Amino acid sequence: MLSGATGEGRDQVPRTSRSTAFGVDIGGSGIKGAVVDLEKGDLATERIKYLTPNPSSPRLVAEVVARLVEQAGWTGELGATFPAVIQHGVAKTAANVDKSWIGTDVDKVLTDSTHCDVTVLNDADAAGIAEARFGAAKDVDGVVILLTFGTGIGSALLLDGQLVPNTELGHLELDGHDAETKASSAAKDNEGLSYKHWAKRVQRYLRHVENLFTPDLFVVGGGVSRNAEKWVPLLELNTPVKPAQLLNNAGIVGAAMAAHEKFTE
Ligand code: BGC
């Protein structure tokens, strides 16, 4: 939400008649952003990327986001994804980012640093709304569950294209473990698992989610969806599984959509 200055005078982005908003994807390893063409669901400018600072504290992350927005010359609507439960702009958890975010008003911190009209939402939720509008879940009615496999496992639950935010299905307890510690792509990398071995874990996890929700479609995203042919065909489920289509840009596009549609208000 916007309060205070509007950063007048630093708007260098050529405006067109097309509807645009800025999307920022804040992740555990990188912070990336671009102007998004909201009609096409695609980036309208080149993506700018910075490494996530260490520690990934509110002050340092807000500085990086401000630098990125300034470099793009953007003012106006800005959507940001965050890898945590976000309720009305406030982070309620911090599984894979600095714990000092818990209880932080992310919306306010980013509004203060960028002077933009900020909307913040969970990273997987952003990917979910982008895939529902422009990607693998476009025009799919019923229950769709998008799962992103990365440092953790993010989830987005959609009913007839409408999001139910903050489902956090990556933290389901399975065989005595927090599921994402075994089935995320970070677990694959850290334990040096082959796609075949890791797919067995994903299969077990998706079967569990399927038993709980009986979805009409699973969409699987995250960096590993680039190599979907290596593991998606190994899954045996009753629910169809489609790889995410927007890949790297789903978070940026979904964040910009949320900002434009005033998702949290
Ligand atoms: C967090 C989620 C996030 C997911 C993917 C999980 O550890 O709890 O909020 O969506 O990681 O980043």
Side-chain angles (χ1 to χ4, degrees), residues 23-33 49 51-56 58 61 65 79-107 110 119-132 137 144-158 163-174 177-190 198 201-202 205-206 208-209 213 218-226 243-244 246-255 257-258 263-264:
V24 180
D25 194 358
I26 302 175
S29 57
I31 300 179
K32 39 201 186 172
K49 181 170 178 179
L51 290 178
T52 304
N54 188 5
S56 52
V61 168
V65 175
T81 74
F82 200 75
V85 171
I86 298 291
Q87 192 176 34
H88 308 303
V90 177
K92 299 286 178 174
T93 62
N96 295 308
V97 277
D98 199 81
K99 300 290 174 231
S100 60
W101 280 101
I102 298 175
T104 299
D105 189 333
V106 188
D107 185 320
L110 298 183
T119 299
V120 184
L121 76 168
N122 171 266
D123 54 359
D125 283 346
I129 60 175
E131 291 290 337
V144 174
I145 297 183
L146 169 130
L147 296 160
T148 61
F149 294 86
T151 311
I153 297 178
S155 64
L157 173 66
L158 297 133
L163 178 73
V164 180
N166 292 315
T167 43
E168 293 291 318
L169 301 182
H171 296 294
L172 284 173
E173 188 184 322
L174 192 55
H177 301 282
D178 182 343
E180 74 171 22
T181 61
K182 295 285 165 190
S184 63
S185 68
K188 174 182 180 301
D189 295 345
N190 295 340
W198 177 68
R201 295 189 183 185
V202 176
Y205 171 66
L206 290 180
H208 185 56
V209 177
F213 291 91
F218 279 124
V219 177
V220 291
V224 276
S225 59
R226 243 177 276 126
L246 280 81
L247 301 176
N248 253 341
N249 295 333
I252 296 177
V253 172
M257 285 169 59
F263 173 83
T264 53

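All of these numbers come straight from a predicted model, not from anything done at the bench. Counting starts at 1 for both ligands and their atoms, in listed order. The first residue of the sequence shown is numbered 1, and numbering continues consecutively from there.
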Are the side chain of [X] and the backbone of [Y] linked by a donor-acceptor contact shorter than 3.5 Å?
X	Y	answer
Ser56	Asp98	yes
Trp101	Thr93	no
Thr148	Gly154	yes
Thr81	Ala255	no
Ser185	Lys188	no

*Around atom 6 (C) of ligand 1, find the nearest protein heavy atom and jot down its residue, atom name and distance.*
Glu180 OE1, 3.3 Å
Within ligand 1, which atoms have a heavy atom of [X] less than 4.0 Å away?
X	result
Glu168	1 (C), 2 (C), 8 (O), 9 (O)
His171	1 (C), 6 (C), 7 (O), 8 (O)
Ala95	7 (O), 8 (O)

N or O contact, [X] vs ligand 1, cut-off under 3.5 Å:
X	value
Asn122	yes
Thr93	no
Asp123	yes

*asked:* Which residue in the set Asn166, Asp125, Thr167, Asn122 passes side-chain hydrogen bond (donor to acceptor under 3.5 Å, both in side chains) when paired with Ser155?
replied: Thr167
*Would you please determine whether Thr151 falls within less than 4.0 Å of ligand 1 on a heavy-atom basis?*
no
*Relative to atom 4 (C) of ligand 1, which among Gly251, Gly154, Ala84 owns the nearest non-hydrogen atom?*
Gly154
_Test side-chain contact (heavy atoms from CB on, under 4.5 Å) on Leu169 and Ile153; report intermediate values, then the result._
CA-CA 8 Å; Leu169 301 182; Ile153 297 178; over 6 Å; no
